[in-house]
Amino acid sequence: MKKVMTLAAAGMIALTAPAFAGGYSDPVVEEEIVVVEEAASSLGNTGAALLGLALVAGIIAASDSSSDD
């Protein structure tokens, strides 16, 4: 009977040992990566186009005034 009790106790310990093997620690939750995309400014593209048109208009105006002489 002592042998049966010893085996039963050893079996219980063997079954419960993995539950305490690593100890309990809080799970590590990594912060979610959030990518914030800046809205493309349509003014930047429009500004470049207006600047280009102004340069072309300036070149045309400069060439017209020099041909009048």
Side-chain angles (χ1 to χ4, degrees):
M1 184 72 171
K2 189 173 185 180
K3 189 175 184 180
V4 172
M5 293 298 281
T6 305
L7 286 174
M12 291 290 220
I13 291 172
L15 290 174
T16 58
F20 299 108
Y24 180 77
S25 63
D26 293 329
V28 176
V29 179
E30 293 183 9
E31 203 171 302
E32 185 176 329
I33 298 173
V34 178
V35 178
V36 178
E37 295 182 15
E38 294 181 16
S41 174
S42 62
L43 181 61
N45 294 336
T46 305
L50 289 175
L51 180 62
L53 287 174
L55 288 174
V56 169
I59 292 170
I60 292 172
S63 66
D64 283 345
S65 65
S66 64
S67 64
D68 288 338
D69 287 337

Item to complete: Mind checking side chain to side chain contact (heavy atoms under 4.5 Å, CB included) for Val36 and listing every partner two or more places apart, or none if nothing turns up?
Response: Val34
Worksheet entry | Reported CG-to-CD1 distance for the pair Leu55 and Ile59, which is rounded to 0.5 angstrom | 6.0 Å
Worksheet item: If you link I, L, V, M, F, W and Y whenever their side-chain heavy atoms are under 4.5 Å apart, who else ends up in the same group as Val4?
Response: none
Worksheet item: Using links of under 4.5 Å between side-chain heavy atoms of ILVMFWY residues, direct or through other members, which residues join Leu7 in one cluster?
Response: none
